[in-house]
Participant: 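Handing you a structure now.
Read the numbers this way: they start at 1 and go in the same order the structure lists the ligands and their atoms. Keep in mind that what you see is a predicted model, and the values were worked out from it rather than measured.
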Amino acid sequence: MTEEQRRSKKRKRGHRRKEKSISGAVASKNNVSSSTIVATPAKSSSKSSSSFLDKMKARLSGGYFRMINEKLYTCSGDEALKYFKEDPSLFNVYHSGYQAQMSLWPEQPNDIIIKWIKDRGPSLVVADFGCGDARLSRSVKNKVHSFDLVSNDPSVIACDMSQTPLDSSSVDVAVFCLSLMGTNFPSYLQEANRVLKPRGWLLIAEVKSRFDPNTGGADPDKFVKAICELGFASTSKDFSNKMFILFHFQKKEKRKPKGIVWPELKPCLYKRR
Ligand SMILES: C[S@@+](CC[C@H](N)C(=O)[O-])C[C@H]1O[C@@H](n2cnc3c(N)ncnc32)[C@H](O)[C@@H]1O
């Protein structure tokens, strides 16, 4: 080997070593092995840009969900109805965020309510106030009147649930599953009282933190007292679930309640994850 051939070989070896150390630095910055970068450069960059876009989209829709959620908890039902009338697509944004949150809960309140209704048979007429995707009506054989601010399904009536089209004393069970959102929530319970038959059932599932006085939530006893003053008897309060409380009431008497003191229910705001 001539002197010139030896020098050229040395230059090539140095070049290769330099390439290896650059890819190693990028790799360690990205916390991946250098062989991944060297072996599949094109594939890895398109993969990382699509996962970046996926993350960005998830963050944006999570942000929209939290904004809509906060709005629903801090305005009245008729304002919320106007809001969704202007842009019904926001309802789907809200519900995909809500489903994502629900998937983190170990137990769904809707499942417990569905079981309660099934155990009592298909003859009871049910009104689902703030039904969301109307899973309750799809899960039981009973006649279910489903109400929400937007209807994506012919079985759902779009309205503000403080004024439903139901006749007075026409339903056996009124359900509010995480739906006492508006600042005027007492008017939803008054409407349930109107449409329930005597001895009809009122089932309320609500987020536990809304009833934790230590963190600014309502006193559950004051909430129960107000509903009893409306004309109901409290038959059970279930605090056993980590995420929600389940209240059962039965309609007791026909009365014209006056001066009920309703506790404030604080909004249930979701943190950015
Ligand atoms: C948290 S989601 C729960 C949905 C369903 N009950 C479930 O358990 O999956 C609350 C629902 O109540 C509805 N809602 C809130 N205020 C309402 C109102 N004033 N009239 C009708 N629906 C209302 C919302 O649009 C939303 O779909």
Side-chain angles (χ1 to χ4, degrees), residues 62 64-117 126-140 142 144-153 155-166 171 173-195 202-211 241 243-247 262 265-270:
Y64 284 135
F65 160 70
R66 284 188 295 278
M67 275 178 75
I68 302 165
N69 180 62
E70 183 168 350
K71 176 79 183 163
L72 291 176
Y73 276 114
T74 52
C75 73
S76 64
D78 58 344
E79 252 183 277
L81 185 65
K82 274 185 219 141
Y83 181 63
F84 280 130
K85 264 189 184 157
E86 267 173 40
D87 189 349
S89 71
L90 295 178
F91 189 74
N92 296 338
V93 176
Y94 170 77
H95 271 281
S96 40
Y98 168 71
Q99 294 305 337
Q101 289 291 336
M102 282 296 108
S103 68
L104 305 172
W105 286 26
E107 202 170 8
Q108 307 288 316
N110 234 337
D111 289 336
I112 298 180
I113 291 171
I114 288 166
K115 182 174 180 311
W116 187 94
I117 293 171
V126 180
D128 187 6
F129 288 79
C131 64
D133 64 1
R135 192 163 74 81
L136 169 51
S137 84
R138 288 196 307 279
S139 310
V140 296
N142 306 56
V144 180
H145 301 281
S146 303
F147 304 103
D148 210 300
L149 295 163
V150 172
S151 168
N152 282 335
D153 181 305
S155 72
V156 177
I157 296 174
C159 67
D160 169 16
M161 61 190 174
S162 64
Q163 285 175 299
T164 69
L166 292 176
V171 308
V173 188
V175 174
F176 290 87
C177 186
L178 310 181
S179 56
L180 293 179
M181 300 182 93
T183 50
N184 58 323
F185 76 88
S187 63
Y188 309 149
L189 298 170
Q190 278 152 10
E191 177 66 355
N193 190 27
R194 181 186 72 78
V195 302
L202 170 63
L203 271 50
I204 302 174
E206 261 309 330
V207 181
K208 212 170 196 173
S209 61
R210 302 187 83 193
F211 291 97
N241 198 281
M243 306 305 282
F244 59 87
I245 303 181
L246 190 56
F247 301 95
W262 291 95
L265 291 188
K266 72 169 187 171
C268 165
L269 304 179
Y270 296 94

Participant: Apply side-chain contact (heavy atoms from CB on, under 4.5 Å) to L189 and I204, showing your working.
Facilitator: CA-CA 10 Å; L189 298 170; I204 302 174; 3.8 Å; yes
Participant: On the 0 to 90° scale, with breaks at 30° and 60°, tag the Y98-Y94 ring pair as parallel, tilted or perpendicular.
Facilitator: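 Correct class here is parallel.
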Participant: Could you give the side-chain donor-acceptor pairs of residues 104-111 under 3.5 Å, partners two or more places apart or in another chain?
Facilitator:
from: E107; atom 1: OE1; to: N241; atom 2: ND2; distance (Å): 2.9
from: Q108; atom 1: NE2; to: M102; atom 2: O; distance (Å): 2.8
from: D111; atom 1: OD1; to: R135; atom 2: NH1; distance (Å): 3.2
from: D111; atom 1: OD1; to: R135; atom 2: NH2; distance (Å): 2.8

Participant: Might you list the protein residues in contact with ligand 1, defined as having a heavy atom under 4.0 Å from one of its atoms, sorted by chain and number?
Facilitator: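 Residues near ligand 1: G77, F91, Y94, H95, Y98, N110, G130, C131, G132, D148, L149, C159, D160, M161, C177, L178, S179, M181, Y188.
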Participant: Any side-chain to backbone donor/acceptor pair from E206 onto F211? Under 3.5 Å, distance only.
Facilitator: no
Participant: Once the angle between the rings of F129 and F176 is folded into 0 to 90°, is it parallel (under 30°), tilted (30 to 60°) or perpendicular (over 60°)?
Facilitator: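 It falls in the parallel class, under 30°.
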Participant: For Q163, look at atom CD and say whether over 12 heavy atoms of other residues, nucleotides or ligands are found less than 6.0 Å away.
Facilitator: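 No, the 6.0 Å shell around CD holds no more than 12 heavy atoms from other groups.
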